Undergrad: 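Have a look at this one.
The figures that follow rest on heavy atoms only: side chains count, while hydrogens, waters and symmetry mates do not. From a predicted model like this one, the values you see are computed outputs, not experimental measurements.
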Amino acid sequence: MTKHSSLTTEQMACVYAWLAQLFSRERDDESLALLQSSEMADWFAVLKVEPLLEAQVLLLEEKIAVLKAREDATLELAADFCSLFLMSDKHAALPYASAHLEGGPNYGVIKQLLSDAGMQVSDAFSESADHVAIFIELLSHLHFSLGESELNPQRVDALRRETLTGLLRWLPDFTAKCCRYDAFGFYGALSQLLLALVRLDNQS
């Protein structure tokens, strides 16, 4: 994509789309099996070629390996998701910009970015528009759009930069809370990978 990254625009888009899914809902048996598959191992090998992602991917692989030995892994991981992202007490990492930006912009900011990109939040997604998965899905869309010749690349890239700037205002705090309150560590590792990816993207 640029001199800063060994990943192509399409690969960046795919990683963002994958992360958006993981942060948007609990894992079921099928998606957990996919995480532990040889296909996913091949994908992780691609990501580890990028030096700025290698440590985070290795940590995530470690957590996925431990999942194989975790009794009732699907149920336990779902419980981790709920306690971390769906609870309102102080021992959680709420996945909303508004939960980390006191007096900062509300969800209208991301809604404007979505509108500018020709997107909107699906009715099937019941969460607030300032959910981390929406930011990530928008970045995925913008990276895919950068590869479409009929679109204005300068405009698309400007939206990408605006989205990254908005996300980086609160993503480090969200990541820190994931690491602090996720006892098992899967979502802590996942959030660290997301933060590393966003920082890598922001360098370009």
Undergrad: Using ring centroids (six-membered ring only for Trp), state whether Phe174 and Tyr96 fall under 6.0 Å.
TA: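 No, the ring centres sit 6.0 Å or more apart.
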
Undergrad: Measure the OG1-CG distance between Thr163 and Leu113 for me, rounded to the nearest 0.5 Å.
TA: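 Answer rounded to 0.5 Å: 4.5 Å.
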
Undergrad: Quick check: closest heavy atoms across Gly188 and Cys179, and the distance to 0.1 Å?
TA: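 Result for this residue pair: O-SG, 3.7 Å.
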
Undergrad: Nearest 0.5 Å, please: how far is CG in Asp29 from CG in Leu77?
TA: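 Answer for the CG-CG pair, Leu77 versus Asp29, is 11.0 Å.
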
Undergrad: Strictly by modelled atom types, are Ser204 and Arg160 linked by a side-chain donor-acceptor pair under 3.5 Å?
TA: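 A donor-acceptor contact under 3.5 Å links the two side chains.
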
Undergrad: May I ask you to decide whether Lys48 forms a salt bridge with Glu54, counting only side-chain N to carboxylate O separations under 4.0 Å?
TA: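 Salt bridge: no.
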
Undergrad: When you look at CZ of Arg180, are more than 12 heavy atoms from neighbouring residues, nucleotides or ligands closer to it than 6.0 Å?
TA: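 Incorrect, the count does not exceed 12.
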
Undergrad: Measuring from Leu19:CG to Glu137:CD, what's the distance to the nearest 0.5 Å?
TA: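 These two atoms lie 10.5 Å from each other.
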
Undergrad: Any carboxylate oxygen within less than 4.0 angstrom of a Lys/Arg side-chain nitrogen, looking at Asp116 and Arg155?
TA: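 Yes.
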
Undergrad: Centroid-to-centroid, Phe23 to Trp18, below 6.0 Å?
TA: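 No: the rings miss the under 6.0 Å criterion.
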
Undergrad: Using 0.5 Å steps for rounding, measure from the CE atom of Met12 to the CG atom of Leu142.
TA: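 These two atoms lie 11.5 Å from each other.
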
Undergrad: For Phe184, does the six-membered ring have the charged nitrogen or CZ of Arg70 within the cation-pi criterion, i.e. under 6.0 angstrom from the centroid and within 45° of the normal?
TA: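 Yes - Arg70 lies over the ring of Phe184, closer than 6.0 Å to its centre and within 45° of its axis.
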
Undergrad: Would you compute the distance between atom CG of Leu193 and atom CG of Leu200 and round it to the nearest 0.5 angstrom?
TA: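 With rounding to 0.5 Å, CG (Leu193) is 10.5 Å from CG (Leu200).
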
